[in-house]
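Letters A, B, ... mirror the listed sequences (proteins, then strands); counts begin at 1.
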Amino acid sequence: DIQLTQSPSFLSASVGDRVTITCRASQGISRYLAWYRQKPGKAPEVLIYTASTLQSGVPSRFSGSGSGTEFTLTITNLQPEDFATYYCHLFNIYPLTFGGGTKVEIK
Amino acid sequence: EVQLVESGGDLVQPGQSLRLTCTASGFTFSDHYMDWVRQAPGKGLEWLGRIRNIADRHTTEYATSVKGRFTISRDDSKNSLYLQMNSLKIEDTAVYYCTRGRWNAGGWYYDYWGQGSLVTVSS
(Lines give C-alpha, C1' and ligand atoms only; values in the text may rest on other atoms or scores of the structure.)
Protein backbone atom coordinates (compact mmCIF):
# COMPACT_ATOMS: atom_id res chain seq x y z
CA ASP A 1 0.00 0.00 0.00
CA ILE A 2 1.17 3.54 -0.74
CA GLN A 3 1.78 5.76 2.29
CA LEU A 4 1.35 9.54 2.34
CA THR A 5 3.49 11.42 4.86
CA GLN A 6 2.62 15.00 5.64
CA SER A 7 4.96 17.52 7.21
CA PRO A 8 4.87 19.29 9.47
CA SER A 9 2.19 17.71 11.67
CA PHE A 10 1.62 21.06 13.39
CA LEU A 11 2.51 24.59 12.53
CA SER A 12 1.86 27.92 14.19
CA ALA A 13 1.24 30.95 12.03
CA SER A 14 -0.32 34.39 12.09
CA VAL A 15 -3.02 35.97 9.96
CA GLY A 16 -1.41 37.19 6.75
CA ASP A 17 1.39 34.62 6.79
CA ARG A 18 2.38 32.31 3.95
CA VAL A 19 2.50 28.63 4.89
CA THR A 20 3.57 25.52 3.01
CA ILE A 21 2.57 21.94 3.77
CA THR A 22 4.33 18.97 2.17
CA CYS A 23 2.93 15.55 1.31
CA ARG A 24 5.33 12.79 0.31
CA ALA A 25 4.20 9.53 -1.27
CA SER A 26 6.06 6.28 -0.65
CA GLN A 27 6.07 5.66 -4.40
CA GLY A 28 5.20 7.64 -7.48
CA ILE A 29 1.54 8.58 -7.79
CA SER A 30 1.65 10.83 -10.87
CA ARG A 31 -0.64 13.76 -9.98
CA TYR A 32 -3.34 11.71 -8.24
CA LEU A 33 -3.45 13.93 -5.18
CA ALA A 34 -6.06 16.16 -3.62
CA TRP A 35 -5.96 18.50 -0.63
CA TYR A 36 -8.73 18.99 1.93
CA ARG A 37 -9.28 21.44 4.75
CA GLN A 38 -11.19 20.33 7.84
CA LYS A 39 -12.46 22.92 10.28
CA PRO A 40 -13.18 21.76 13.85
CA GLY A 41 -16.38 19.75 14.10
CA LYS A 42 -16.99 19.86 10.35
CA ALA A 43 -16.60 17.51 7.43
CA PRO A 44 -13.58 18.11 5.17
CA GLU A 45 -13.86 20.28 2.07
CA VAL A 46 -11.81 19.93 -1.09
CA LEU A 47 -9.35 22.69 -1.95
CA ILE A 48 -7.18 21.25 -4.70
CA TYR A 49 -7.37 18.15 -6.89
CA THR A 50 -5.05 16.59 -9.44
CA ALA A 51 -2.20 18.17 -7.47
CA SER A 52 -2.74 21.74 -8.66
CA THR A 53 -6.32 22.30 -9.87
CA LEU A 54 -8.14 24.76 -7.65
CA GLN A 55 -11.68 23.62 -6.85
CA SER A 56 -14.35 26.03 -8.00
CA GLY A 57 -15.16 28.59 -5.31
CA VAL A 58 -11.93 28.07 -3.36
CA PRO A 59 -9.97 31.31 -2.85
CA SER A 60 -6.89 31.84 -4.99
CA ARG A 61 -4.69 32.13 -1.89
CA PHE A 62 -4.60 28.32 -2.01
CA SER A 63 -2.29 26.65 -4.51
CA GLY A 64 -0.91 23.17 -5.03
CA SER A 65 2.06 21.78 -6.87
CA GLY A 66 4.04 18.62 -7.38
CA SER A 67 3.98 15.27 -9.07
CA GLY A 68 5.40 11.83 -8.53
CA THR A 69 6.30 11.60 -4.86
CA GLU A 70 6.41 15.17 -3.55
CA PHE A 71 3.56 17.63 -3.33
CA THR A 72 2.98 20.95 -1.64
CA LEU A 73 0.00 22.99 -0.56
CA THR A 74 0.71 26.68 -0.16
CA ILE A 75 -1.57 29.17 1.54
CA THR A 76 -0.71 32.83 1.10
CA ASN A 77 -2.22 35.61 3.21
CA LEU A 78 -3.54 33.19 5.85
CA GLN A 79 -7.07 34.06 6.97
CA PRO A 80 -8.82 33.28 10.28
CA GLU A 81 -10.89 30.52 8.66
CA ASP A 82 -7.71 28.79 7.50
CA PHE A 83 -6.76 27.75 11.02
CA ALA A 84 -7.78 24.16 10.54
CA THR A 85 -6.36 20.73 9.72
CA TYR A 86 -5.23 19.91 6.19
CA TYR A 87 -5.07 16.47 4.60
CA CYS A 88 -3.62 15.21 1.37
CA HIS A 89 -5.46 12.36 -0.31
CA LEU A 90 -4.38 9.81 -2.88
CA PHE A 91 -7.04 8.98 -5.43
CA ASN A 92 -7.08 6.61 -8.39
CA ILE A 93 -4.60 4.11 -6.96
CA TYR A 94 -6.04 1.49 -4.63
CA PRO A 95 -6.21 1.33 -1.75
CA LEU A 96 -6.83 5.05 -1.51
CA THR A 97 -5.34 6.79 1.49
CA PHE A 98 -5.02 10.07 3.36
CA GLY A 99 -1.99 11.74 4.81
CA GLY A 100 -1.80 12.05 8.59
CA GLY A 101 -2.85 15.70 8.59
CA THR A 102 -1.30 19.07 9.34
CA LYS A 103 -2.90 21.25 11.99
CA VAL A 104 -2.44 24.97 11.41
CA GLU A 105 -2.75 26.86 14.67
CA ILE A 106 -2.80 30.53 15.55
CA LYS A 107 0.54 31.79 16.80
CA GLU B 1 -29.82 20.35 -2.71
CA VAL B 2 -27.46 17.40 -2.32
CA GLN B 3 -27.76 15.71 1.06
CA LEU B 4 -26.09 12.68 2.56
CA VAL B 5 -27.47 11.51 5.89
CA GLU B 6 -25.83 8.71 7.82
CA SER B 7 -27.68 6.66 10.40
CA GLY B 8 -27.16 3.54 12.45
CA GLY B 9 -24.27 4.61 14.65
CA ASP B 10 -24.38 3.08 18.12
CA LEU B 11 -22.50 1.78 21.12
CA VAL B 12 -21.59 -1.86 20.58
CA GLN B 13 -19.38 -4.42 22.27
CA PRO B 14 -16.21 -5.81 20.70
CA GLY B 15 -16.95 -8.66 18.33
CA GLN B 16 -20.43 -7.44 17.50
CA SER B 17 -21.72 -6.28 14.12
CA LEU B 18 -23.33 -3.05 13.00
CA ARG B 19 -24.73 -1.69 9.75
CA LEU B 20 -24.59 1.97 8.82
CA THR B 21 -26.89 3.50 6.25
CA CYS B 22 -26.35 6.63 4.18
CA THR B 23 -29.47 8.06 2.58
CA ALA B 24 -28.83 10.33 -0.38
CA SER B 25 -31.03 12.99 -1.93
CA GLY B 26 -30.80 15.85 -4.39
CA PHE B 27 -28.90 14.01 -7.11
CA THR B 28 -29.01 10.88 -9.28
CA PHE B 29 -27.55 8.47 -6.76
CA SER B 30 -27.06 5.61 -9.22
CA ASP B 31 -24.65 7.71 -11.32
CA HIS B 32 -22.08 8.20 -8.58
CA TYR B 33 -19.27 6.32 -6.93
CA MET B 34 -19.72 6.41 -3.16
CA ASP B 35 -17.07 6.01 -0.47
CA TRP B 36 -16.92 5.55 3.29
CA VAL B 37 -14.33 7.48 5.30
CA ARG B 38 -13.90 7.40 9.07
CA GLN B 39 -12.21 9.52 11.70
CA ALA B 40 -11.29 8.21 15.13
CA PRO B 41 -11.62 10.74 17.99
CA GLY B 42 -8.86 13.34 17.68
CA LYS B 43 -7.28 11.48 14.76
CA GLY B 44 -6.98 11.83 11.02
CA LEU B 45 -9.10 10.64 8.12
CA GLU B 46 -9.08 7.01 7.06
CA TRP B 47 -10.47 5.81 3.73
CA LEU B 48 -12.46 2.59 4.17
CA GLY B 49 -13.77 1.69 0.77
CA ARG B 50 -15.68 2.45 -2.39
CA ILE B 51 -18.61 1.14 -4.35
CA ARG B 52 -18.81 2.14 -7.98
CA ASN B 53 -21.90 3.17 -9.88
CA ILE B 54 -24.29 1.01 -11.85
CA ALA B 55 -22.32 1.63 -15.05
CA ASP B 56 -19.30 0.02 -13.37
CA ARG B 57 -21.41 -2.81 -12.01
CA HIS B 58 -21.27 -1.77 -8.36
CA THR B 59 -17.79 -3.18 -7.94
CA THR B 60 -16.03 -2.46 -4.66
CA GLU B 61 -12.61 -1.60 -3.26
CA TYR B 62 -11.50 -1.75 0.38
CA ALA B 63 -8.76 -0.52 2.64
CA THR B 64 -6.40 -3.25 3.75
CA SER B 65 -7.30 -2.57 7.39
CA VAL B 66 -10.97 -3.50 6.95
CA LYS B 67 -10.95 -5.91 4.01
CA GLY B 68 -12.83 -9.07 4.95
CA ARG B 69 -14.58 -7.44 7.95
CA PHE B 70 -16.42 -4.56 6.31
CA THR B 71 -18.73 -4.78 3.31
CA ILE B 72 -20.06 -1.89 1.27
CA SER B 73 -23.28 -2.22 -0.67
CA ARG B 74 -25.94 0.01 -2.15
CA ASP B 75 -29.56 0.00 -3.18
CA ASP B 76 -30.03 2.53 -5.95
CA SER B 77 -33.83 2.12 -5.80
CA LYS B 78 -33.71 3.45 -2.23
CA ASN B 79 -30.89 5.98 -2.81
CA SER B 80 -29.06 4.22 -0.02
CA LEU B 81 -25.49 3.24 0.71
CA TYR B 82 -24.58 0.70 3.38
CA LEU B 83 -21.57 -0.23 5.46
CA GLN B 84 -21.79 -3.63 7.14
CA MET B 85 -19.20 -3.90 9.89
CA ASN B 86 -18.47 -7.27 11.46
CA SER B 87 -16.17 -8.39 14.27
CA LEU B 88 -15.90 -4.84 15.53
CA LYS B 89 -12.83 -3.84 17.51
CA ILE B 90 -12.25 -1.04 19.98
CA GLU B 91 -10.07 0.67 17.37
CA ASP B 92 -13.08 0.90 15.02
CA THR B 93 -14.47 3.62 17.29
CA ALA B 94 -14.87 6.62 15.02
CA VAL B 95 -17.17 8.97 13.20
CA TYR B 96 -18.11 7.36 9.90
CA TYR B 97 -18.70 9.59 6.89
CA CYS B 98 -20.49 8.78 3.68
CA THR B 99 -19.02 10.69 0.74
CA ARG B 100 -19.91 11.36 -2.86
CA GLY B 101 -17.08 11.36 -5.33
CA ARG B 102 -16.78 13.23 -8.56
CA TRP B 103 -14.55 12.96 -11.60
CA ASN B 104 -13.71 16.30 -13.13
CA ALA B 105 -11.11 17.08 -15.80
CA GLY B 106 -9.15 13.93 -15.05
CA GLY B 107 -9.20 14.43 -11.31
CA TRP B 108 -11.23 13.00 -8.49
CA TYR B 109 -12.46 14.55 -5.27
CA TYR B 110 -15.19 14.26 -2.69
CA ASP B 111 -17.65 17.05 -3.31
CA TYR B 112 -20.19 16.13 -0.63
CA TRP B 113 -19.91 14.57 2.80
CA GLY B 114 -22.52 13.45 5.27
CA GLN B 115 -22.64 14.81 8.81
CA GLY B 116 -21.08 11.62 10.15
CA SER B 117 -22.35 8.79 12.36
CA LEU B 118 -20.59 7.90 15.60
CA VAL B 119 -19.74 4.27 16.23
CA THR B 120 -18.39 3.44 19.67
CA VAL B 121 -16.96 0.01 20.35
CA SER B 122 -16.52 -0.63 24.04
CA SER B 123 -17.08 -3.35 26.62
Side-chain angles (χ1 to χ4, degrees), chain A residues 1-10 21 23 26 29-58 62 64 66-67 71 73 84-104, chain B residues 1-6 9 22 24 32-52 56 59-72 94-118:
Chain A
D1 297 0
I2 296 172
Q3 313 298 321
L4 296 180
T5 303
Q6 283 183 238
S7 60
S9 299
F10 299 91
I21 298 168
C23 179
S26 58
I29 61 170
S30 185
R31 295 172 60 81
Y32 299 140
L33 195 90
W35 289 96
Y36 291 83
R37 175 179 65 183
Q38 186 178 31
K39 298 175 184 177
K42 302 291 186 182
E45 52 186 333
V46 65
L47 302 171
I48 301 281
Y49 60 96
T50 322
S52 61
T53 303
L54 191 67
Q55 166 66 340
S56 176
V58 172
F62 292 95
S67 67
F71 302 83
L73 172 70
T85 302
Y86 294 82
Y87 296 93
C88 56
H89 173 57
L90 165 66
F91 65 86
N92 213 32
I93 300 176
Y94 296 102
L96 310 189
T97 192
F98 288 91
T102 296
K103 186 174 183 179
V104 178
Chain B
E1 179 194 5
V2 172
Q3 283 198 311
L4 300 171
V5 179
E6 299 95 341
C22 171
H32 287 266
Y33 289 19
M34 301 294 295
D35 290 17
W36 287 98
V37 175
R38 72 182 177 186
Q39 187 167 35
K43 301 297 184 184
L45 303 171
E46 181 183 11
W47 179 79
L48 298 178
R50 166 171 294 172
I51 186 163
R52 296 180 176 88
D56 290 322
T59 51
T60 54
E61 305 284 348
Y62 294 96
T64 302
S65 61
V66 302
K67 197 169 187 178
R69 284 196 308 129
F70 289 11
T71 301
I72 298 174
V95 172
Y96 286 71
Y97 292 102
C98 153
T99 67
R100 187 184 90 162
R102 183 184 177 194
W103 285 104
N104 186 26
W108 167 272
Y109 54 87
Y110 300 120
D111 58 353
Y112 288 95
W113 298 63
Q115 85 287 354
S117 184
L118 177 62

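If you tally non-hydrogen atom pairs under 4.5 Å between each of B/Glu46, B/Lys43, B/Gln39, B/Gln115 and chain A, the highest count goes to B/Gln39. Per-residue heavy-atom pair counts under 4.5 Å with chain A were compared for B/Asn104, B/Asp111, B/Thr64, and the maximum is reached by B/Asn104. Each of A/Asn92, A/Thr85, A/Thr97, A/Ile48 has some count of heavy-atom pairs under 4.5 Å with chain B, and the biggest count is that of A/Asn92. Note on A/Gln55, A/Arg31, A/Glu45: by heavy-atom pairs under 4.5 Å with chain B, the leading option is A/Gln55. When B/Tyr62, B/Tyr109, B/Tyr112 are compared by the number of non-hydrogen pairs under 4.5 Å with chain A, B/Tyr109 comes out ahead.
Atom OH of A/Tyr32 has 12 or fewer heavy atoms from other residues, nucleotides or ligands within 6.0 Å.
Of the atoms belonging to B/Val95, not a single heavy atom falls under 4.5 Å from chain A.
Counting only distance, with no hydrogens or angles, the side chain of B/Trp47 and the backbone of A/Pro95 share no donor-acceptor pair below 3.5 Å. Counting only distance, with no hydrogens or angles, the side chain of A/Tyr36 and the backbone of B/Tyr110 share a donor-acceptor pair below 3.5 Å.
Nearest heavy-atom pair, B/Gly107 versus A/Tyr49, reported as atom, atom and distance to 0.1 Å: CA-CD1, 3.9 Å.
In this structure, NZ in A/Lys42 is found 14.5 Å from CH2 in B/Trp113, a value given to the nearest 0.5 Å. Note that CD of A/Gln38 and CG of B/Leu45 are 5.0 Å apart. Values are rounded to the nearest 0.5 Å.
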